[in-house]
**Q** 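First, the structure itself, so that you have it in front of you.
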Amino acid sequence: MDLTEKWQSDDISALESLFRQYREMVFKTAYLVIGDKEDAKDILQDVFITVWKSRSTFDPAKRKFTTWLHRIRVNQCLMKHRKKQPPRVSLEEVRDSGLDLPETRDSQLPEELSISKWEYEKLVAAIDSLDGKYRPVLILRYFSELSYDEIAHVMGIPLGTVKSRLNCAIKTLGRVLVNEERKEVTQ
Amino acid sequence: MKCKDVNELLVPYLDGELSKEEREVVELHLSTCPGCREELEALATIKTGTRQALKVMAAKVSLPDQSWEVIEQRLVSKRRPRIPVISGAKSKLRGGIDMIRGRLVS
């Protein structure tokens with residue numbers, strides 16, 4: 001019997017194991033969407049209370065457990081529905097977090113392409129300023145690494161809407177960066 | 001296909017979310033259009049930067065340790081059977097205590 005089968009057979013210790021396995025994912029995704037640590041903590045608790053209460057509704061033949069979990073998390077975030085300022089990060093905090101930022105445009109980020117410190121700061125600000133309907137889709141794709149189909153299911157929106165929102169979100173971020181660059185040049 | 005139409009497909013192209021046919025159309029257009037190739041490169045940079053920025057924003061917060069205990073408590077308190085409150089029990093108890101106290105004083 002695997003973990004989800006045990007959990008679906010009313011084994012509360014299996015719920016605890018699932019919690020320990022997925023708590024970071026749920027908490028951090030909720031934090032990125034909501035922008036408040038305390039709210040994200042409440043959402044994490046509410047999500048796993050719902051996971052326990054709704055254990056009979058999960059069908060492993062239809063969806064992955066993580067997709068089902070994300071859907072509950074999205075619903076809890078919507079229920080919270082408190083529009084707060086999204087998290088803002090200073091460069092000092094970035095360095096404190098242990099991730100190296102490149103000194104110049106040509107140096108490499110931990111991922112494959114390069115981005116300057118300036119671009120990074122502007123990008124964080126641009127993500128913060130994104131419209132509420134684009135932000136969750138962006139986070140589900142580029143943080144949670146869900147497929148378009150999974151995002152459509154989790155958000156309860158058509159696949160075409162996922163495509164257009166992601167397209168629009170990435171292009172908006174690009175426009176913000178270009179505008180910021182122009183401002184700097186004219187100053 | 002025109003640049004405007006291809007442009008709509010560039011983000012899903014980068015995300016590997018196009019059908020085989022769509023991908024072939026995009027690649028054929030890219031092979032002949034330097035403008036769209038440049039756009040693709042810019043979008044790829046933003047996409048990678050976005051991924052990185054989100055990772056760093058998430059790395060900034062850490063999860064409190066006591067979360068499971070709180071959940072367990074909430075689940076247990078919901079499962080515990082309710083004890084019926086006997087009407088007037090509290091005031092009767094208070095009266096008994098007062099009576100004992102009165103006797104002790106006297």
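The basis for the numbers below is simple: all heavy atoms, side chains too, and nothing from hydrogens, waters or symmetry mates. Each chain gets a letter, A, B and so on, in the order its sequence line appears, and its residues count up from 1.
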**Q** List the atom of B:Leu75, the atom of A:Ile12, and the distance in Å for their closest heavy-atom pair.
**A**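 In terms of heavy atoms, the two residues are closest at CD1-CD1, 3.9 Å.
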**Q** Can you tell me how far apart OH (A:Tyr142) and NZ (B:Lys55) are? Round to the nearest 0.5 Å.
**A**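 Between atom OH of A:Tyr142 and atom NZ of B:Lys55 there are 14.0 Å.
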**Q** Mind checking the CD1-CD1 spacing from A:Ile49 to B:Ile71? Nearest 0.5 Å is all I need.
**A**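 Spacing of CD1 (A:Ile49) from CD1 (B:Ile71) equals 6.0 Å.
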**Q** Heavy atoms only: give me the nearest B:Ala53-A:Val124 pair and the separation to one decimal.
**A**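 It is CB-CG2, 3.9 Å.
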**Q** Should A:Val176 and B:Val56 be counted in the same cluster of Ile, Leu, Val, Met, Phe, Trp and Tyr side chains packed under 4.5 Å apart?
**A**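 Result: no, two separate clusters.
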**Q** Can you tell me which portion of B:Val61 sits under 4.5 Å from chain A's heavy atoms? Options are side chain, backbone, both or neither.
**A**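 The answer is both parts of B:Val61.
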**Q** Does any backbone or side-chain atom of B:Glu8 lie under 4.5 Å from a heavy atom of chain A? Answer side chain, backbone, both or neither.
**A**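 Both parts, backbone and side chain.
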**Q** Over all heavy atoms of both residues, which pair between B:Leu54 and A:Ile127 is shortest? Give the atoms and the distance, please.
**A**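 Heavy atoms only, the tightest pair is CD2-CG2, 4.2 Å.
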**Q** At a heavy-atom separation under 4.5 Å, does A:Phe19 approach chain B through its side chain, its backbone, both, or neither?
**A**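 Answer is side chain: those atoms of A:Phe19 sit under 4.5 Å from chain B.
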**Q** Would you check if A:Tyr31 and B:Lys60 make a side-chain contact, meaning some heavy-atom pair closer than 4.5 Å?
**A**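 The answer is yes, as the side chains (C-beta and beyond) meet within the 4.5 Å cut-off.
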**Q** How far apart are the closest heavy atoms of A:Tyr148 and B:Asp15, and which atoms are they?
**A**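 Residues A:Tyr148 and B:Asp15, closest heavy atoms: OH-OD2, 2.5 Å.
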**Q** For residues B:Val70 and A:Val51: do they belong to one hydrophobic cluster (side chain heavy atoms under 4.5 Å, members Ile, Leu, Val, Met, Phe, Trp, Tyr)?
**A**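 Cluster IDs for B:Val70 and A:Val51 differ.
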**Q** Take A:Phe143 and B:Arg51, measure what side-chain contact (heavy atoms from CB on, under 4.5 Å) needs, and give me the verdict at the end.
**A** CA-CA 6 Å; A:Phe143 180 71; B:Arg51 248 197 196 110; over 6 Å; no
**Q** Would you say that B:Lys47 contacts A:Leu138 through its side chain, given a criterion of any heavy-atom pair below 4.5 Å between the two side chains?
**A**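 B:Lys47 does not reach A:Leu138 side chain to side chain.
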**Q** Identify the residues of residues 159-172 of chain A whose heavy atoms come closer than 4.5 Å to a heavy atom of chain B, ordered by number, or report 'none'.
**A**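 When heavy atoms of chain B are the reference, residues 159-172 of chain A contributes A:Lys163, A:Leu166, A:Asn167, A:Ile170, A:Lys171 within the under-4.5 Å range.
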**Q** Heavy-atom distance under 4.5 Å between the side chains of B:Glu17 and A:Arg141, does that happen here?
**A**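 Contact flag for B:Glu17/A:Arg141 side chains = yes.
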**Q** In terms of heavy-atom proximity below 4.5 Å to chain B, should A:Arg20 be classed as side chain, backbone, both, or neither?
**A**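 The side chain, not the backbone.
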**Q** Hey, any chance B:Leu40 and B:Leu28 share a hydrophobic cluster, counting ILVMFWY side chains that come within less than 4.5 Å of each other, even indirectly?
**A**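 No, separate clusters.
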**Q** Got a second to check how far B:Ser62's OG is from A:Lys28's NZ, nearest 0.5 Å?
**A**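 Here the interatomic distance stands at 7.0 Å.
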**Q** Return the minimal non-hydrogen interatomic distance between B:Leu63 and A:Leu44, and the atom names on each side.
**A**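 Closest heavy-atom pair between B:Leu63 and A:Leu44: CD1-CD2, 3.4 Å.
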**Q** Checking B:Ala58 against chain A: side chain, backbone, both or neither under 4.5 Å from a heavy atom?
**A**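 Both parts, backbone and side chain.
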**Q** With a 6.0 Å cut-off (strictly less than), is the heavy-atom count around CD of B:Glu38, excluding the residue itself, greater than 12?
**A**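 Counting other residues, nucleotides and ligands, CD of B:Glu38 stays at 12 neighbours or fewer.
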